[in-house]
Amino acid sequence: MQIIEVNTKSRPSKVYCGEGAAEKFSELYAGCDAFVVTDANVARLYAARIGELFPHAPVCVVPAGERSKNRNTLFKILDAMFAAQLHRSSVVVALGGGVIGDMAGLAAALYMRGTRLVQVPTTLLAQVDSSVGGKTAIDYAGVKNAVGAFYQPETVLCDPAFLHTLPPREVKCGLGEVLKTGILDAAIGEKLQENRGRLSDLSYLSELAADCIRFKARIVAEDERESGARRCLNLGHTTGHALELAYGRRSHGEYVLIGMWLESFIAEREGVCTPAHAQYVRDTVALVQPRIPVFKDARACVKYALLDKKNSARGA
Ligand code: NAD
Ligand code: ZN
């Protein structure tokens, strides 16, 4: 098991990464009141496991998927936290993919101005990316992640055992963030190219997860509130989020892949990167997304891209 420290100013966190990480909970939080937030799919697949890992903890189950990442679900979680009479030293466990991590994280930040938070990511995307770094949010007023907070978890338990039940499409979504990290970090990028034949091998992917977490931990420690270096982690996201809002049929990780492909052309045209680097970005995306779909309504996407919270100025 690897332990990766995320040394942020607001609250340092520790990521336990490897087989058996989930079992660490009982050791680290013995005697604490735990409250589990999960989605309907994870609750169904892991009913017995949840009982073993978090005995006696109330379990709040919300509908699965991006469509439930909204204020109604957020308030449903807060209602359940009040009903369970949590206090500020209770431990909220976000057990699920990025949607649960973002929403339960925000509920933990808001409840009594902050309870303790443990992320237990169950998708590849959440393990390599969203559970680390403290960004929490819901979608609001048609804008992705528009209402949220920076709120660091105390602990992230990244256990590859959860990945065995992931449908291939969700593995591909996680690979979207893995390839993003490979484009940003030369060493990870090289590893990915060398092991291009192993990108559906779960044990290889969990090895890569630790590399991706270490990279993100370094960036987040340097720039927790995204005023500098952390912005690089948004590669593919402005375009990806706009497509996601305009078309909505795919999920976050797939739109990140498509977004990186499209942004490579914009960057090349604007002189932000060399044609060779732009081609490298496209070749990397092609490792898991060889065909890019055609999107006909560019104007709708531009509208959403302009609403993106990462904009520092509004264009026409
Ligand atoms: P998700 O949470 O919707 O999970 C995808 C699907 O997999 C869901 O249907 C879920 O029920 C199911 N699932 C979860 N664990 C499973 C398991 N072990 N076995 C089988 N099925 C399982 O989506 P996601 O791709 O994990 O996360 C996407 C979200 O993460 C987006 O809302 C995005 O904005 C957010 N995100 C946040 C950050 C951040 O820094 N906070 C970073 C990247 C993405
Ligand atoms: Zn992302």
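Positions are given from 1 along the sequence. Order of listing sets the numbers, starting from 1, for every ligand and every atom in it.
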Report the part of A64 in contact with ligand 1, treating N, CA, C, O as backbone and CB onward as side chain, heavy atoms under 4.0 Å; options are side chain, backbone, both, neither. side chain
Counting only heavy atoms not in Q85, do more than 12 sit closer than 6.0 Å to its CD atom? no
What protein heavy atom sits nearest atom 15 (N) of ligand 1, and how far off is it? T122 OG1, 2.7 Å
Are R214 and D211 ion-paired here, with the side-chain N under 4.0 Å from a carboxylate O? yes
Quick one: do the E177 and H252 side chains pair a donor with an acceptor below 3.5 Å? yes
Could you tell me if R282 sits above the aromatic ring of F265, with its cationic atom closer than 6.0 Å to the ring centre and no more than 45 degrees from the axis? yes
State whether the shortest distance between N or O atoms of R230 and N or O atoms of ligand 1 falls below 3.5 angstrom. no
Under 3.5 Å, is there a donor-acceptor pair linking the side chains of K69 and N145? yes
Closer than 4.0 Å to some heavy atom of K69 - which atoms of ligand 1 meet that? 31 (C), 32 (O), 33 (C), 34 (O), 35 (C)
Output the list of atoms in ligand 1 that are nearer than 4.0 Å to some heavy atom of T165, sorted by atom number. 17 (C), 18 (N), 19 (N), 20 (C)
Give the residue, atom name and distance (to 0.1 Å) of the protein heavy atom nearest atom 28 (C) of ligand 1. L125 CD2, 3.8 Å
Check: E177 N/O within less than 3.5 Å of ligand 1 N/O: no
Which atom pair, heavy atoms only, marks the closest approach of I50 to V59? CG2-CG2, 3.9 Å
With a cut-off of 4.0 Å, which atoms of ligand 1 are near a heavy atom of Y46? 18 (N)
Ligand-side contact atoms (ligand 1) for residue partner K216, heavy atom cut-off under 4.0 Å: 40 (O)
Subset of ligand 1 atoms that lie under 4.0 Å from at least one heavy atom of N145: 34 (O)
Sub-6.0 Å ring centroid separation between Y46 and F162: yes
Counting only heavy atoms closer than 4.0 Å, does ligand 1 sit against the backbone of T136, its side chain, both, or neither? neither
Subset of ligand 1 atoms that lie under 4.0 Å from at least one heavy atom of K144: 31 (C), 32 (O), 33 (C), 34 (O)
Once you restrict to heavy atoms under 4.0 Å, what part of V42 touches ligand 1? Side chain, backbone, both or neither. side chain
Note: K135, heavy atoms under 4.0 Å from ligand 1, region reported as both
Of V128, V171, V99, T123, the one whose closest heavy atom lies nearest atom 13 (N) of ligand 1 is T123
Proximal atoms of ligand 1 relative to F162 (non-hydrogen, under 4.0 Å): 17 (C), 18 (N)
Verdict with reasoning, E268 to Q279, per side-chain hydrogen bond (donor to acceptor under 3.5 Å, both in side chains): CA-CA 9 Å; E268 186 177 345; Q279 189 57 49; over 6 Å; no
Does ligand 1 have a heavy atom under 4.0 Å from the side chain of D129, from its backbone, from both, or from neither? side chain
Identity and separation of the nearest protein heavy atom to atom 11 (O) of ligand 1: D39 OD2, 2.7 Å
Charged N to carboxylate O under 4.0 angstrom, R218 versus D185? yes
To 10 degrees, how wide is the angle OE2 (E177) to the Zn ion (ligand 2) to NE2 (H252)? 90°
Below 3.5 Å, N or O to N or O, backbone or side chain included: is there any such pair between G98 and ligand 1? yes
Filtering A43, S130, G65 for the heavy atom nearest atom 42 (C) of ligand 1 leaves S130
Look at the side chain of K172 and the backbone N and O of S200, then say whether any donor-acceptor pair between them is shorter than 3.5 Å. no
Under 4.0 Å from ligand 1, counting heavy atoms only, is it the side chain of L166, its backbone, both or neither? both
For atom 5 (C) of ligand 1, the protein heavy atom that lies nearest, with its residue and separation: E170 OE1, 3.3 Å
Please work out, at 4.0 Å between heavy atoms, whether the side chain, the backbone, both, or neither of L163 comes within that distance of ligand 1. neither
Within a distance under 4.0 Å of any heavy atom of G97, pick out the atoms of ligand 1 and give their elements. 2 (O), 26 (O)
Taking R230 first and then E222, would you say they form a salt bridge - that is, a charged N and a carboxylate O separated by under 4.0 Å? no
Proximity of Q127 to ligand 1 by residue part, where a heavy atom lies under 4.0 Å: neither
Pick out which of L208, T123, V178 makes a side chain to side chain contact (heavy atoms under 4.5 Å, CB included) with V128. V178
Examine R88 relative to Y111 and say whether NZ or CZ is less than 6.0 Å from the centre of the six-membered ring and inside a 45° cone about the ring axis. no
Just by distance, with hydrogens left out, do Y29 and E154 show a side-chain donor and acceptor under 3.5 Å apart? yes
So is H241 in contact with ligand 1, going by heavy-atom distances below 4.0 Å? no
Plane angle bin for F25 and F54 - parallel if under 30°, tilted between 30 and 60°, otherwise perpendicular: perpendicular
